[in-house]
Amino acid sequence: HLFSLPHYVLITQRMSTLPFTLESIAQVVGIASSLMVSGVILSISTFTVPVLVSSPMNYSLPNLRTLFSRGSYTIPQTAFLAGGSFLYLAYVSSGLIRYEYIAAAILNMSIAPFTVYVMLPNPNQTLKDINREEQQGKDGIAKAGGPKAVEKLMVKFGYLNLVRAGLTAAGGIVGVIAALSSK
């Protein structure tokens, strides 16, 4: 039987000789996830949004909406994976390092309330409403103040998205500092 005592002892002994621990795995997952999310968000703000702003509105509005929607399936979950890894590390750590890991977790997970309370009400909801009206054959762009007003909202989305990139980058950097301090 696989879980009999001799097998368990043998497996445990072999695992204790592995070059990594649960803590080191959590450090890699937390730091890598945090910095990956930051990079994805940063690339959206610095590369994708400027291209969409310079494109015709009938093209850019639906694509910005699709981009935000698709990102909502992976970015928050990955940020929470990083945050969860850092919370685990805080749980198994002590002293100042514990608080560094807590800070890293909070920075990563803070993109959720920032998105909900700052980005979704404006500009996202406004852009979504304009896009819906455009798809229904109404002139949502004119109703919103014209193409320049919509471009301003899209640029605002890009800048607010940079804040989210900064939050997760800061979480990753604090995680790196904590990991290096724990050695």
Side-chain angles (χ1 to χ4, degrees), residues 1-52 63-121 123-124 157-183:
H1 188 265
L2 180 63
F3 295 106
S4 66
L5 188 57
H7 285 97
Y8 176 76
V9 171
L10 181 63
I11 291 169
T12 306
Q13 287 173 344
R14 286 189 180 156
M15 287 181 68
S16 67
T17 62
L18 293 175
F20 51 83
T21 63
L22 196 52
E23 287 81 10
S24 64
I25 292 170
Q27 287 173 335
V28 169
V29 169
I31 293 166
S33 299
S34 180
L35 296 177
M36 182 190 72
V37 166
S38 179
V40 168
I41 296 171
L42 183 65
S43 69
I44 290 169
S45 290
T46 58
F47 299 120
T48 308
V49 170
V51 169
L52 291 175
N63 283 316
L64 183 64
R65 192 66 223 131
T66 300
L67 177 70
F68 190 81
S69 178
R70 287 192 180 167
S72 71
Y73 294 117
T74 55
I75 290 173
Q77 292 83 345
T78 308
F80 273 78
L81 173 66
S85 297
F86 290 134
L87 285 176
Y88 167 75
L89 290 164
Y91 177 75
V92 298
S93 299
S94 61
L96 180 61
I97 295 169
R98 169 176 282 164
Y99 297 107
E100 291 172 343
Y101 281 130
I102 290 171
I106 290 171
L107 284 164
N108 275 282
M109 294 178 176
S110 68
I111 70 166
F114 182 82
T115 302
V116 170
Y117 295 114
V118 177
M119 291 185 75
L120 288 181
N124 288 22
F157 168 86
Y159 285 129
L160 291 174
N161 212 35
L162 283 174
V163 172
R164 293 184 336 146
L167 290 169
T168 55
I173 291 167
V174 170
V176 168
I177 291 168
L180 292 175
S181 298
S182 68
K183 296 298 177 199

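In this structure, CD1 on Ile41 lies 12.5 Å from OG1 on Thr48, to the nearest 0.5 angstrom. Rounded to the nearest 0.5 Å, atoms OH (Tyr101) and CD1 (Ile106) are 15.0 Å apart. Atom CD1 of Ile102 is separated from atom CG of Leu107 by 12.0 Å, given to the nearest 0.5 angstrom.
Using a distance-only test at 3.5 Å, with no hydrogens or angles considered, a donor-acceptor pair links the side chain of Ser85 to the main chain of Leu81. Here the side chain of Ser72 pairs a donor or acceptor atom with the backbone of Ser69 at under 3.5 angstrom. With hydrogens and angles disregarded, no donor-acceptor distance shorter than 3.5 Å links the side chain of Ser93 to the backbone of Arg98. Under a 3.5 Å cut-off, the side chain of Ser45 and the backbone N or O of Tyr159 do not form any donor-acceptor pair. For Ser34 (side chain) and Ile31 (main-chain N/O), no donor-acceptor pair under 3.5 Å exists by modelled atom type. Formation of a donor-acceptor pair under 3.5 Å by the Ser33 side chain with backbone atoms of Gly30 is not found in this model.
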Quiz item: What do the steps show when you test Val49 against Asn161 for side chain to side chain contact (heavy atoms under 4.5 Å, CB included), and what is the final call?
Solution: CA-CA 10 Å; Val49 170; Asn161 212 35; 5.7 Å; no
Quiz item: Can you check side chain to side chain contact (heavy atoms under 4.5 Å, CB included) on Ile111 and Ile75, steps first, answer last?
Solution: CA-CA 9 Å; Ile111 70 166; Ile75 290 173; 4.0 Å; yes
Practice problem: Assess whether side chain to side chain contact (heavy atoms under 4.5 Å, CB included) is satisfied between Ser182 and Gln27, documenting all intermediate values. | Solution: CA-CA 11 Å; Ser182 68; Gln27 287 173 335; 3.4 Å; yes
Exercise. Determine, stepwise, if the pair Val92 / Tyr88 fulfils side chain to side chain contact (heavy atoms under 4.5 Å, CB included).
Key: CA-CA 6 Å; Val92 298; Tyr88 167 75; 3.7 Å; yes
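When all heavy atoms of Ala165 and Thr168 are compared, the closest pair comes out as O-OG1, 3.1 Å. The minimum heavy-atom distance linking Glu23 with Leu89 is given by the pair O-CD2, 3.4 Å. When every heavy atom of Phe86 is checked against every heavy atom of Ala104, the shortest pair comes out as CD1-CB, 3.6 Å. Here the shortest heavy-atom pairing between Val174 and Glu100 reads CG1-O, 3.1 Å. When every heavy atom of Ile97 is checked against every heavy atom of Ala178, the shortest pair comes out as CG2-O, 4.0 Å. Minimum interatomic distance between Asn108 and Gly171 (heavy atoms only, all atoms of both residues): ND2-CA, 3.6 Å.
Counting heavy atoms from C-beta on, the side chains of Val118 and Leu160 come closer than 4.5 Å. Residues Leu42 and Leu162 meet the side-chain proximity criterion, which asks for heavy atoms closer than 4.5 Å.
For Phe68, the ring-ring contact (aromatic ring centres under 6.0 Å, His included) criterion is met by Phe157, not counting sequence neighbours.
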